[in-house]
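In what follows, every chain begins at residue 1, and chains take the letters A, B, ... in the order their sequences are listed.
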Number of protein chains: 2
Amino acid sequence: MSKIIVIEDDVYLREELVNTFMKKGYSVSSISSFNEPEKEILDNNPDLAVLDINLPGKSGFELCKRLKSRASFPILVLTARDTLSDELYALGLGADDFLTKPCHPDRLIARTQRLLRTYVKVRNLLQTGDLILDIDTYKVIWKNAHVVLSDTEGKILQILLERYPSVVSKQDLFLKLWGGNEYVDENILQVNMTRLRKSLDTIGIRNIIQTERGRGYRLEMSKS
Amino acid sequence: MSKIIVIEDDVYLREELVNTFMKKGYSVSSISSFNEPEKEILDNNPDLAVLDINLPGKSGFELCKRLKSRASFPILVLTARDTLSDELYALGLGADDFLTKPCHPDRLIARTQRLLRTYVKVRNLLQTGDLILDIDTYKVIWKNAHVVLSDTEGKILQILLERYPSVVSKQDLFLKLWGGNEYVDENILQVNMTRLRKSLDTIGIRNIIQTERGRGYRLEMSKS
DNA sequence: ATAACACTTACAGTTGTTGTAAGGATGCAC
DNA sequence: GTGCATCCTTACAACAACTGTAAGTGTTAT
């Protein structure tokens with residue numbers, strides 16, 4: 001059954017949420033300390049997160065945003081304040097649904113089920129900006145267009161996406177692609193870079209891979 | 001820009017909705033007659049549908065369900081009655097979001113944007129029961145497992161899915177796969193059926209392709 | 001101007017996919 | 001249960017796609 005993580009500081013509400021999901025047969029865990037919530041959540045590798053926005057310390061909004069940039073599971077945001085601006089802000093940050101407390105358990109479950117239904121389809125998709133990469137098939141989606149990359153090209157793009165917006169050194173790429181750079185022609189990376197750029201070009205993606213001379217490669221998302 | 005279709009019988013409300021979306025730059029159309037709403041909507045090939053549940057004639061719930069089984073665009077359900085049971089029912093039928101009228105335009109837009117954001121990722125996915133097929137790459141997803149089919153295998157599964165739950169004749173398969181059955185060995189279809197079954201078997205999908213002796217093949221979804 | 005670094009094109013080995021062939025299994029009619 | 005029609009399975013070779021190698025061209029910093 002699906003794994004849900006509850007991020008809520010109020011003990012009473014937290015237990016209530018956990019119980020609601022447990023009764024439906026979900027595997028539930030929750031955050032106890034709020035020192036490193038992001039790490040704790042990611043380590044848990046959940047299928048869905050229920051996130052209270054009004055957290056101690058760093059804002060829940062910030063947490064939502066950071067999680068969204070690093071994982072593909074859906075986030076259901078809860079709040080006690082029933083304000084439209086909170087909802088708009090949360091949805092804008094990438095939250096997948098927004099409910100106000102108190103919330104009827106049936107509604108919570110129904111919304112959760114809906115999110116999980118969709119999650120099966122988008123799992124293993126990396127997204128940064130408008131660019132989406134299916135890491136199972138290396139299908140790239142970009143503004144209603146798509147192209148399927150070959151294995152090597154796809155792996156390169158995956159690594160660049162996972163490290164975005166950092167620069168990835170050639171050595172790192174060699175390590176991940178060929179397990180070191182001792183016995184492989186150094187040129188092979190450049191060849192595959194050319195191929196990748198050409199493949200992306202066929203659906204109109206241009207100048208996304210920037211060469212940082214002497215340091216490696218880096219993705220550059222155009223702000224269109 | 002994305003294409004949105006509005007299905008609402010009240011003229012005044014319809015215009016309001018259309019305007020809200022137009023102002024944001026969406027391409028909007030709406031249903032005028034309610035004789036054949038399903039056909040009209042599908043012909044329009046929208047990226048999202050906004051559906052009033054309280055329609056004349058056939059219930060909006062029924063329409064929602066039928067659309068969901070035949071298309072992959074998201075459906076945002078609107079209603080005047082603020083009852084939990086309507087919401088649960090709509091979400092259960094596959095609706096992607098549920099809002100009560102009157103609804104603040106900003107909220108409507110935010111929810112719409114969220115749905116469209118996800119839609120980019122799930123476009124070109126066929127789903128029947130627990131089985132999901134990406135028709136671009138022929139990746140099959142089934143209960144947290146996945147496998148990538150070869151071209152021919154994928155095309156066969158796609159055809160069977162599109163015709164589900166009907167039986168597809170061998171002749172139809174030949175037509176779609178090889179453009180007729182004159183110059184091709186009749187055996188090739190059986191060979192590829194074996195291959196497809198074997199591929200699906202690797203992720204635990206068994207007995208999904210039923211042979212209808214003398215008539216063709218048919219998908220059978222297990223009720224698990 | 002030069003050397004280091006990056007890019008591009010062409011080619012051949014390898015891998016995966018596809019259709020062909022041949023034989024085996026299964027179901028139906030009598 | 002015998003025989004025939006239908007369907008299934010395995011092995012193989014032709015073909016296409018992908019990958020790494022080689023060689024030469026372009027670009028940048030000093």
J.: Could you tell me how far apart Ile188(A) (CD1) and dT14(C) (P) are, to the nearest whole angstrom?
T.: 15 Å

J.: Check whether any side-chain N or O of Thr194(A) sits under 4.0 Å from OP1 or OP2 of dC7(C), and answer yes or no.
T.: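 For Thr194(A), the contact criterion (side-chain N or O under 4.0 Å from OP1 or OP2 of dC7(C)) is not met.
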
J.: If we ignore angles and hydrogens, is there a donor and acceptor under 3.5 Å between the side chains of Gln127(A) and Lys121(B)?
T.: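 Yes, because at least one side-chain N or O of Gln127(A) sits under 3.5 Å from a partner of the opposite role on Lys121(B).
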
J.: Are the side chains of Phe174(B) and Ile188(B) in touch, meaning some heavy atoms are under 4.5 Å apart?
T.: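 Side chain of Phe174(B) against side chain of Ile188(B), heavy atoms only: contact under 4.5 Å found.
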
J.: Do Thr112(B) and Lys24(B) come close enough that some side-chain heavy atom pair is under 4.5 Å?
T.: no

J.: Checking side-chain polar atoms at under 3.5 Å, does Ser59(A) have a donor or acceptor matched by the opposite partner on Glu62(A)?
T.: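 Judged by distance alone, the side chains do not pair up.
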
J.: Taking atom CG of Asn207(A) as the centre, report whether more than 12 heavy atoms of other residues, nucleotides or ligands fall under 6.0 Å from it.
T.: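 At most 12 heavy atoms, drawn from other residues, nucleotides or ligands, come within 6.0 Å of this atom.
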
J.: Using a strict 4.0 Å threshold on nitrogen-to-oxygen distance, state whether Lys68(A) and Asp96(A) make a salt bridge.
T.: yes

J.: Nearest-Å distance, CD (Gln190(A)) to P (dA4(C))?
T.: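 Spelled out: CD on Gln190(A) to P on dA4(C) is 15 Å.
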
J.: Check the distance between dC5(C)'s P and Leu173(A)'s CG and give it to me in whole angstrom.
T.: 17 Å

J.: Taking CZ from Arg195(B) and P from dG16(C), how many angstroms apart are they, rounded to a whole number?
T.: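 Nearest whole value for this atom pair: 14 Å.
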
J.: Which nucleotide in the list dA21(C), dG20(D), dC7(C) gets nearest to the side chain of Val191(B)?
T.: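 Among dA21(C), dG20(D), dC7(C), the one nearest the side chain of Val191(B) is dA21(C).
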
J.: Could you give the CD-to-P distance, from Glu186(A) to dG24(D), as a whole number of Å?
T.: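 Going from Glu186(A) (CD) to dG24(D) (P), I get 19 Å.
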
J.: For the helix from dA1(C)-dT30(D) to dC30(C)-dG1(D), what angle separates the axis at the start from the axis at the finish, each from five pairs, in steps of 10°?
T.: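 The angle separating the two end axes equals 40°.
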
J.: Is the shortest side-chain N to carboxylate O distance from Glu212(B) to Arg215(B) below 4.0 Å?
T.: yes

J.: Which residues, if any, of residues 150-170 of chain B bring a heavy atom under 4.0 Å of DNA chain C?
T.: Ser150(B), Asp151(B), Thr152(B)

J.: Can you tell me if NZ on Lys170(B) sees more than 12 non-hydrogen neighbours from other groups inside 6.0 Å?
T.: yes

J.: Would one find more than 12 heavy atoms of other residues, nucleotides or ligands at under 6.0 Å from atom OH of Tyr119(A)?
T.: yes

J.: Do any N or O atoms from the side chain of Lys3(B) and from the backbone of Asn44(B) form a donor-acceptor pair under 3.5 angstrom?
T.: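 Yes: the side chain of Lys3(B) pairs with the backbone of Asn44(B).
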
J.: Using whole Å, what does the distance between atom P of nucleotide dC7(D) and atom CE of Met193(B) come to?
T.: 11 Å

J.: Can we say Asp201(B) and Arg206(B) salt-bridge, meaning some charged N sits less than 4.0 Å from an Asp/Glu carboxylate O?
T.: yes

J.: Less than 4.0 angstrom between a side-chain N/O of Asn192(A) and OP1 or OP2 of dT19(D), yes or no?
T.: no

J.: Would you mind reading off the distance between Leu189(A) atom CG and dT21(D) atom P, rounded to a whole angstrom?
T.: 13 Å

J.: Under 4.0 Å from OP1 or OP2 of dG19(C): is there any side-chain N or O of Trp178(B) that close?
T.: yes

J.: Is Asn187(B) near enough to dC8(D) that one of its side-chain N or O atoms lies under 4.0 angstrom from OP1 or OP2?
T.: no

J.: Is there a donor-acceptor contact under 3.5 Å from the side chain of Arg197(B) to the main chain of Ile209(B)?
T.: yes

J.: How many Å lie between CG on Leu149(A) and P on dT19(D), as a whole number?
T.: 10 Å

J.: Does anything in residues 196-217 of chain A come within less than 4.0 Å of DNA chain C? Heavy atoms only, and list the residues if so.
T.: Arg197(A), Lys198(A), Thr211(A), Arg213(A), Gly214(A), Tyr217(A)

